[in-house]
Amino acid sequence: TGGKTWVNEGTLTVGGDDYIFFGYSSGGANVLSNASTGTLNLSSSYATPLNFYTGTATVNNAGILNQTAGGAHAIDTTFNNTGTVNVNAGTLTLSGGGTDTGVYAVGTGATLNFSGGTRDLNAGSNVSGLGSLAVSGATVNVNNLLDISTSGTALNVSSGTLNANSTLTVGALNLSGGTLAGAGNLTTTGPFNITGISAITGGGVLTTRGATKIDMGTSNGYLQFTGGKTWVNEGTLTVGGDDYIFFGYSSGGANVLSNASTGTLNLSSTNAVPLNFYTGTATVNNAGTLNQTATGTHTVDTTFNNTGT
C-alpha cells in the first residue's frame, strides 16, 4: 500500500490461505512486477490471492507465474503478461483487464477465465493447452494466436465480448450469453452450442462446419445476428426449442446466412418466425438442404434464395 513498487527477481510464493492486499488501507498506485528471472507461485487456497482494496493495483508478469491451487481463484488487479502463465489446476480468473504479449498455458482440467475489464491479446500472445478458456464479462480482443481453441476442451462465452480480430479456428464453442464479434474470420469445426440470448456480429465471416444448435432454456430466446455479419453453414445448423435468429437486432447492417451445398439447416423451432427480420437487410441463401420439421405455421421473413433443396 501507499504507492509501493515491488520487483520480484527470485521466487515469490503466496501460500497457505493467505493473500496480498493491494492498497489496504492507504491506497496509492501499487505495482507488483515479476521480472523475467522471477517465478510467482499462487499456491494459496484463498479465493483472491492477489486482492484489490483501493487506489490502483497492477501486477506485471515478465517471468513465470504458476497457478497451482485447485478450486476457483482470482487476480482482481490489472494484470499484464509478457512472460508465461501456467494454469496448472483449478480456475484462474482475471477480472481487472490488461495487455498481453506473453503466453498462457492451461493444463488438463484447468480453466482460464477473463471476467472483467478489457483484455488485449496482442502480437506475441497465445493461449494454449488442453484445458478450457472462458469469457464471462470481459471484452477480450484476440489479435494473435488462440491455440487452446483447437487443443482445449472448449471455448465458453457466457457474457462480455470475444472479438476475434485474427483468423481463428475453434473446436468446441459454447455461447450462453455475451457477444461473439471481431473483424477476423472464425471457423468452428466441432459442436457450437448456443444456449442463451447472445449476439453474433462484426465484419469477419463465421463458418460453421460441425453441429451447431440454437436451443435456449428461456422462452422465445433469440440469437442477435447483426452488424453486417456473414455466416456460412457447412455442417448442420438446427434452430430448436422455441427460439429464433433475429436478423439485424439491434444494430442493423447487411446480414447474410448462407447454407452451403454441404450444409443442412433444420428449422425445428416452434417459434412462428424462426428466421426473423428486425432492421437493416437480411438474406438467407440455401444451396444445401433446408428442413422444416416443426408442425404448425412458420415463416421466414428475410429475403430467401434457394439453389438447393
Side-chain angles (χ1 to χ4, degrees), residues 1 6 12 14 17-25 27-34 40-62 65-107 110-122 125-127 129 131-143 146 148 152 154-163 174-181 196 198:
T1 192
W6 181 354
L12 168 60
V14 183
D17 60 354
D18 305 326
Y19 58 101
I20 299 175
F21 211 0
F22 287 76
Y24 186 79
S25 60
N30 302 290
V31 180
L32 170 60
S33 292
N34 191 44
L40 173 56
N41 295 317
L42 300 182
S43 304
S44 173
S45 60
Y46 193 80
T48 315
L50 302 179
N51 196 329
F52 172 67
Y53 180 74
T54 194
T56 63
T58 303
V59 175
N60 299 313
N61 178 55
L65 186 151
N66 298 312
Q67 165 63 40
T68 64
H73 304 275
I75 297 173
D76 66 356
T77 68
T78 297
F79 181 80
N80 303 308
N81 180 39
T82 59
T84 300
V85 174
N86 296 311
V87 185
N88 296 323
T91 297
L92 178 62
T93 294
L94 302 179
S95 61
T99 301
D100 301 326
T101 57
V103 298
Y104 296 86
V106 186
T111 299
L112 175 65
N113 177 30
F114 298 127
S115 71
T118 298
R119 174 67 45 188
D120 292 318
L121 300 173
N122 289 337
S125 68
N126 196 0
V127 182
S132 62
L133 174 64
V135 178
S136 65
T139 296
V140 179
N141 298 310
V142 183
N143 302 315
L146 199 70
I148 197 171
L155 175 58
N156 302 302
V157 180
S158 59
S159 64
T161 300
L162 176 65
N163 288 315
N174 297 310
L175 185 62
S176 59
T179 300
L180 187 63
S198 313

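All values derive from a computational prediction rather than experimental measurement.
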| Gap between atom CG of Leu40 and atom CG of Leu65 - 0.5 Å precision | 4.5 Å

| task | Answer yes or no: is there a donor N or O on one side and an acceptor on the other, between the side chain of Ser198 and the main chain of Gly196, under 3.5 Å? | result | yes

Distance-only check: which donor-acceptor pairs under 3.5 Å involve side-chain atoms of residues 94-101, not counting sequence neighbours?
residue: Ser95; atom: OG; partner: Ile75; partner atom: O; Å: 3.4
residue: Asp100; atom: OD1; partner: Asn81; partner atom: N; Å: 3.0
residue: Asp100; atom: OD1; partner: Tyr104; partner atom: OH; Å: 3.2
residue: Asp100; atom: OD1; partner: Arg119; partner atom: NH1; Å: 3.0
residue: Asp100; atom: OD2; partner: Tyr104; partner atom: OH; Å: 2.8
residue: Asp100; atom: OD2; partner: Arg119; partner atom: NH1; Å: 3.1

| request: Using modelled atom types only, decide if a donor and an acceptor are shared between the side chain of Thr54 and the backbone of Gly27 within a distance under 3.5 Å. | output: no

| request: Determine whether Val140 and Thr161 make a side-chain contact, defined as any pair of heavy atoms from C-beta on separated by less than 4.5 Å. | output: no

| request: Indicate the atoms forming the closest heavy-atom contact of Ala181 with Asn163, along with that distance. | output: CB-OD1, 3.2 Å

| query | Can you tell me how far OG of Ser125 sits from CG of Asn143, rounded to the nearest 0.5 angstrom? | reply | 7.5 Å

| query | So, does Thr139 use its side chain to make a donor-acceptor pair with the main chain of Thr118 at under 3.5 Å? | reply | no

Using distance only, find each side-chain donor-acceptor pair of residues 82-91 under 3.5 Å and give its atom names and separation, not counting sequence neighbours.
residue: Thr82; atom: OG1; partner: Asn61; partner atom: O; Å: 3.3
residue: Asn86; atom: ND2; partner: Asn66; partner atom: OD1; Å: 2.9

| query | Which heavy atom of Ser115 sits nearest a heavy atom of Thr93, and at what distance? | reply | OG-CG2, 3.2 Å

| request: Taking atom types as modelled, find out whether Thr78 and Thr58 have a side-chain donor-acceptor pair closer than 3.5 angstrom. | output: no

| request: Look up atom OG in Ser132 and atom CG in Asn156, then write down how far apart they are to the nearest 0.5 Å. | output: 6.0 Å

| request: Find the distance between CG (Leu92) and CG (Leu112) and round it off to the nearest 0.5 Å. | output: 6.0 Å

| Will you find, in the side chains of Ser43 and Thr68, an N or O donor that is under 3.5 Å from an N or O acceptor? | yes

| field | Spacing of CD1 belonging to Ile148 relative to OG1 belonging to Thr111, to within rounding of 0.5 Å | value | 8.0 Å

| query | Quick one: does Asn51's side chain have a donor or acceptor within less than 3.5 Å of a partner on Pro49's backbone? | reply | no

| query | Of Tyr46, Tyr53, Phe52, which is the lone residue that meets ring-ring contact (aromatic ring centres under 6.0 Å, His included) with Phe21? | reply | Tyr53

| task | Rounded to the nearest 0.5 Å, what's the gap from CG on Asn60 to CG on Leu32? Could you check? | result | 8.0 Å

